[in-house]
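One-based numbering along the sequence shown. Just so you know, ligand 1 is whichever comes first in the structure, and atom 1 is the first atom listed for that ligand.
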Amino acid sequence: MSRVLIVGSEGQIGTQLSKALSNRDDFDYLFLCDIKDKSRTDLNYFKVDALSYDDLKSFIIDKKINEVYHLAAILSAKGEKDPMRTWNLNMNSLFNILKLAKEGIIEKAFWPSSIAVFGNNNPKNDTPQFSDKEPITSYGISKLAGENWCKYFNTNYGTDIRSIRFPGVISYDALPGGGTTDYAVDIFHSFKSKIRYTCFLDKDTILPMIYIDDAIDGIIKLMRAPKKKLRIQSSYNLYAFSMSPKMIEEELKKIDNGFQVDYVPDYRQAIADSWPNTIDDIYACEDWDWNSKYNFKETTNHMLSKLAIL
Ligand SMILES: NC(=O)c1ccc[n+]([C@@H]2O[C@H](COP(=O)([O-])OP(=O)(O)OC[C@H]3O[C@@H](n4cnc5c(N)ncnc54)[C@H](O)[C@@H]3O)[C@@H](O)[C@H]2O)c1
């Protein structure tokens, strides 16, 4: 049995992961931590700075934690406002987890990477697990370096750090924290509030996406998979479906034809253009039985129902 910690628990993914894990009975204790003063949940929450190795180490030892989900990061679009700060948080917080794993204090950890590791020179369709990676953002550079460090620690020090390259995550609970795919959540909230939406990407920009419930399912599946089955020591490609802003607009207009969307692409367009359209996730499918449950239509329906629009 494990004693589990989610670092960065108050963000878009952490909010749902903490709910999902708190409903499971295959571990002893769940602890949440974040840099924020308070948790949105009534779970076991502590304010801990993931950049402080000493604070993290004494907290983990004190609570006898052996499994960590490290989610704290600055995401792609927000990251471009302060690239050095993004590198600092994304890399040094990961190093703290890797060092604790090397010291044997953490037995197993999850750390998410992103499709932002890809750049302009890889195939756009069915982007393979092993393909050119020339990220164009500070976020993508930090994720690619992080992937390689995970592999380095796993290979050289026998650590058990597991990772997924997530596409854009669509969620209904916490709002997204500054990514290039945030429009796919924001547009539903504008629709609900009957506010005209200004999209920062061009209407035909196709990007890979995943519904939050699938994303959480993927994390849990990977973490529960037998270690010997995992061929990828860095980060697994993962795929659910692809869509454009126009596709959501059309779905929403089926409910209210008066809903209006303006397209005013900004600096995030170049980031989106550098990312894949679709992803080949064969290693995840074969190694730990990944298969997504939500396609575009099911995701849209769930978002409408969870946000009480329908
Ligand atoms: N959301 C997506 O679409 C997406 C896609 C690919 C990968 N990811 C990755 O998943 C992880 C979680 O993403 P998210 O969308 O939940 O991000 P988010 O921005 O919503 O949440 C990040 C959380 O980290 C916390 N945090 C920041 N600095 C901290 C510190 N020093 N110590 C402790 N906590 C700190 C923030 O307060 C926030 O609650 C990130 O690593 C991100 O790169 C997310």
Side-chain angles (χ1 to χ4, degrees), residues 5-20 31-41 45-53 55-56 59-60 68-79 81-82 85-97 109-118 135 137-147 150 161-186 207-212 214-216 218-219 235-240 268 271-272 275-276 279 299:
L5 171 66
I6 303 177
V7 180
S9 61
E10 302 310 298
Q12 188 191 12
I13 296 180
T15 307
Q16 286 303 115
L17 182 63
S18 53
K19 271 190 204 158
F31 301 92
L32 310 185
C33 80
D34 200 288
I35 197 73
K36 292 182 177 154
D37 288 332
K38 281 196 221 143
S39 176
R40 302 171 75 231
T41 70
Y45 178 79
F46 299 82
K47 182 177 178 181
V48 181
D49 184 351
L51 280 173
S52 167
Y53 175 76
D55 288 356
L56 206 52
F59 181 77
I60 286 174
V68 174
Y69 296 74
H70 174 41
L71 307 179
I74 298 175
L75 275 74
S76 57
K78 193 172 168 192
K81 308 273 185 207
D82 192 342
R85 187 167 159 250
T86 304
W87 172 262
N88 180 43
L89 174 62
N90 296 6
M91 289 315 304
N92 288 322
S93 64
L94 174 61
F95 275 131
N96 288 342
I97 300 297
F110 175 80
W111 171 80
S113 183
S114 157
I115 56 165
V117 296
F118 295 108
T137 57
S138 169
Y139 173 73
I141 293 169
S142 71
K143 289 295 183 186
L144 183 56
E147 286 189 6
C150 289
I161 316 293
R162 305 181 181 199
S163 178
I164 288 172
R165 278 178 200 143
F166 276 119
V169 176
I170 301 182
S171 67
Y172 46 85
D173 198 345
L175 287 171
T180 303
T181 52
D182 288 8
Y183 84 85
V185 175
D186 297 341
L207 286 171
M209 299 282 184
I210 188 168
Y211 187 53
I212 185 75
D214 261 347
I216 301 302
I219 295 173
S235 190
Y236 278 89
N237 268 9
L238 199 78
Y239 186 57
R268 288 167 278 195
I271 302 176
W275 290 357
I279 306 275
T299 297

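Residue contacts with ligand 1 do not include Asp182, since none of its heavy atoms lies under 4.0 Å from the ligand. Residue contact annotation: Lys78 has no non-hydrogen atom under 4.0 Å from ligand 1. Contact analysis puts Pro167 in contact with ligand 1, with a non-hydrogen atom separation below 4.0 angstrom.
Geometrically, ligand 1 and Leu75 share no nitrogen or oxygen pair separated by less than 3.5 Å. Checked by distance only, ligand 1 and Tyr139 come closer than 3.5 Å through their nitrogen or oxygen atoms. For ligand 1, none of its N or O atoms has an N or O atom of Ser114 under 3.5 Å away. Between Ile35 and ligand 1, a contact under 3.5 Å exists for at least one N or O pair. Remark: ligand 1 and Gly168 share no N or O pair separated by less than 3.5 Å (distance only, no angle test). Here's the thing with Val169: one of its N/O atoms is less than 3.5 angstrom from an N/O atom of ligand 1. Between Asp49 and ligand 1, at least one N/O pair is under 3.5 Å apart. At under 3.5 Å, a nitrogen or oxygen of Ile13, whether backbone or side chain, sits near a nitrogen or oxygen of ligand 1.
Remark: Asp37 engages Lys47 in a salt bridge, criterion side-chain N to carboxylate O under 4.0 Å. Using a 4.0 Å cut-off between charged nitrogen and carboxylate oxygen, Glu10 and Lys38 do not count as a salt-bridge pair.
Contacts of Ser113 with ligand 1, taken as heavy-atom pairs under 4.0 Å, involve the backbone alone. At a heavy-atom distance under 4.0 Å, only side-chain atoms of Lys36, from C-beta outward, approach ligand 1.
The aromatic rings of Tyr69 and Phe110 are tilted relative to each other, their planes meeting at an angle between 30° and 60°.
Taking atom 1 (N) of ligand 1 as the reference point, the nearest protein heavy-atom neighbour is Gln12 OE1, 2.7 Å. Among all protein heavy atoms, the one lying closest to atom 21 (O) of ligand 1 is Gly11 CA, 3.2 Å.
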